[in-house]
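Chain letters run A, B, ... following the sequence lines, proteins first, then strands; residues in each count from 1.
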Amino acid sequence: LLLTGCSHGTADKTLTLAVNAGPEGSALKAAAREWGELRNTRIEVVELPYSNLFEKESLDLQSRTGAYDVIMLDDPWFPKLVADGGLTPLPREPDADFLPSCLSVCRHPFGSQTFYALPYVGNSQLFFYRRDLFEKYKLSAPDRWEKVLNAARTIGAGERIYGYVMRAAPGNPAVADFMPLLWAFGGDIFDAKGQPSVASPEAIEALRFMIELGKSAPPGYAGFNADEVSAHLLQGTAAMSINWPAWIAAMDDPSKSKVTGKIEFAPMPSARAAGVAELGAWLVAVPIASQHRDAAFDFIYWATDAGQMTQAAQRGNPPTRRSVFQSPDLVRTFRAFPAQLAALEAARPRPRTAQWNEIENAFGVGLSQANSGAISPEVAMQQANREIAAILERGK
Amino acid sequence: MNAIRRIPPGLIWVAPALLVLATLSIYPLLYLIKVSLTDVHGFTIAYYARLFHDRLFGVAVGQTLLYASVALALEFLLGLALALLVDSLAHGRALIRVGILAPMLLPPVVAAVIWRLIYNPEFGVLNGMLRQLGFNTASLTWTSGRLTAMLSVILVDVWEWTPFFFLLLSAGLQAIPAEPIEAARVDGAGYWRTLMDVILPLLKPTILLALLLRSMDLLRIFDQIFILTQGGPGSATETLSLYIYRTAFRFSNFGYAAAMSFIALTITMLAARGLMRLMRLR
């Protein structure tokens, strides 16, 4: 009894979190420590690199080990993890301040009213471009893809730098940089009947355009990932790219960037259809095997309320709440917030299928091969279409 | 009592080792085969049937064999040459050995990260040096080039694992008695003749061991390619281990990954057996 009395103030339970090793995860980690002190709960954080986080979470959820009480997940993983029955439905609906695009990826089935996660980081692609060079060459803002191509050629010829830089390494990188083009050219991965449609004339035209744009990109871009793209922007050796909000801070950081204050951030350019960015929100959810579900839910609602999200935004995380995006103090600090909000409101999620990882891999290999010149755009898209159809067939 | 007497006495002494072998090797192998032949409905050969239609699996097998054979040949020839060279030196052998062995001491992931920086077409030291020497490096994209990606990853392997051959063959050379070599020289054999007819035949068991160990390692190459190219561009450097990893842990298809793993194991065993037979013929 004496010992129990002495232990007053020490935590009697532990909440274990699986988070992404990166700025998104750091903010959640800091929030968890604060919550742990408030609720007298010990916090254990398992920090994993992006490439390992999914496999650890997937294995844990499938085998119901209960190793994690709260997991942080990228939104394309959600359909697979929830389809395996590993996530707990939310006890109450999220409030209306969350952006609809961010909330849409927390529902299962897609479009239903049942929520299994809360959106924590409001990530969607943005278009990064060198404002100073656009002014120098009297180019209008890159709000259409034809203008982007024209600007890439003009700047490339005039400045001896690369007019455009993109990711075309197989898998996620190539697909992520292609999706805004595919949507802008009127194509999509699936048609209205749910059949693969990447061999459509619109999709092939979008890929041809990507390859044309690639002529203004650094050689070898077919093997590029985010690091290479951002290195080119930061070093001032490329003028434009699609990128993610996590890189905004680095662009204006003199210790990392040679182009501080020169990069402008804009929503995706349009073509036949309006410009659409790919959504890449980070969500927080509670595994069904968690031993501390009440505490876990208490934490995720607390961490995503407006006050905590404001703090997370100050730590560098794009919010998922409209009120936080529109906070005058934050807009003064983060000049890209208006563009981020516009991009996020129009952003589209990747197809909501449990087989997305496999589809993205097959599609990304074709895109990367076409960009490296190994096969033609037509062959790449027909090959990808066949493989996506086979993946869907196997999943039935 | 009679039944106990019939147990060979040696069996009791090797029983713990057999138990460890059964637990750590035989059971996982049997489990792998079971997973590859089972789906949610029960017994199936669908995963093995799929292998025949899977274009990427064929590409991955072909490229794994290409990678392993080219890297093995280069590492062996370079390792042997270095071992013979260092063995012939009168002074400084110990110091040179330490220098040559250094790449092998690095974890493969660290070596791959270093080479990723070296290969960077714009900011890497390799193209930087070539530019200083007056070469046009505009199209030299190394790991990102369709035609250069495989060569680039093989070169990293050769850089890191040639010391392995050097280490084993150096030890083998030191174990060769001096008399046969001196006898050959007395008989008038030149260096080349002595090497081919005396040194290499005596070194044969060591060569076999080194080739066996390295070929098994090369056939399951994963870490370097994962860091350097992720199998790209396109599928230019996709290997079997990488494809198995993706299938199991990214696509959560453990049955198909198990079927591919079993095929990978079979390929490795056949390669090892072929190598042993080849060495026995000489």
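In this structure, chain A has a heavy atom under 4.5 Å from the backbone of Gln230(B), while its side chain stays farther away. Proximity to chain B (any heavy atom under 4.5 Å) is shown, for Glu360(A), by neither the backbone nor the side chain. Residue Leu59(A) touches chain B through its side chain alone, counting heavy-atom pairs closer than 4.5 Å. Contact of Leu56(B) with chain A is made through the side chain alone, with heavy-atom distances under 4.5 Å. In this structure, chain B has a heavy atom under 4.5 Å from the side chain of Lys80(A), while its backbone stays farther away. In this structure, chain B has no heavy atom under 4.5 Å from any part of Asn371(A). Using a 4.5 Å cut-off between heavy atoms, Trp356(A) makes no contact with chain B at all. For Ala168(A), no part lies near chain B; criterion is any non-hydrogen pair under 4.5 Å. When heavy atoms are compared at a cutoff of 4.5 Å, Ser144(B) approaches chain A by way of both its backbone and its side chain. Both the backbone and the side chain of Ser235(B) come within less than 4.5 Å of a heavy atom of chain A.
Looking only at heavy-atom pairs under 4.5 Å with chain A, the residue among Arg246(B), Arg50(B), His53(B) that has the most is Arg50(B). In terms of non-hydrogen atom pairs under 4.5 Å with chain B, the most contact-rich of Gln369(A), Glu358(A), Glu228(A) is Glu358(A). Contact count against chain B (heavy-atom pairs under 4.5 Å) is highest for Ala231(A) among Ala231(A), Ala174(A), Ser58(A). Top candidate by heavy-atom pairs under 4.5 Å with chain B, chosen from Gly171(A), Gly223(A), Ala380(A), is Gly223(A). Of all the listed residues (Ala390(A), Ala374(A), Ala222(A)), the one sharing the greatest number of non-hydrogen pairs under 4.5 Å with chain B is Ala374(A).
Atom CG of Leu133(B) sits in a crowded spot, with more than 12 heavy atoms from other residues, nucleotides or ligands closer than 6.0 Å. Around the OH atom of Tyr31(B), the shell of radius 6.0 Å holds no more than 12 heavy atoms that belong to other residues, nucleotides or ligands. Within a 6.0 Å sphere centred on CZ of Phe222(B), other residues, nucleotides and ligands contribute more than 12 heavy atoms. Counting heavy-atom neighbours within 6.0 Å of Tyr50(A) OH, excluding the residue itself, gives a total above 12. A 6.0 Å sphere centred on CZ of Phe52(B) holds no more than 12 heavy atoms belonging to other residues, nucleotides or ligands.
With values rounded to the nearest 0.5 angstrom, Arg394(A) atom CZ is found 7.0 Å from Tyr256(B) atom OH. Note that CG of Asn357(A) and OG1 of Thr247(B) are 11.5 Å apart. Values are rounded to the nearest 0.5 Å. Atoms CZ and CD1, on Arg146(B) and Ile375(A) in that order, are 10.0 Å from each other to the nearest 0.5 Å. The CZ atom of Phe249(B) sits 10.0 Å away from the CG atom of Asn52(A) when rounded to the nearest 0.5 Å. Summarising the geometry, atom CD belonging to Gln355(A) is positioned 9.5 Å from atom CG belonging to Asn253(B); distances are rounded to the nearest 0.5 Å. For the atom pair OG of Ser252(B) and CZ of Phe54(A), the computed distance is 4.5 Å after rounding to the nearest 0.5 Å.
What you find for Pro219(A) and Pro121(B) is that their closest heavy atoms are O-CG, 4.4 Å. Summarising the geometry of Pro170(A) relative to Gly231(B), their closest heavy-atom pair is CG-C, 4.4 Å, with the distance given to 0.1 Å.
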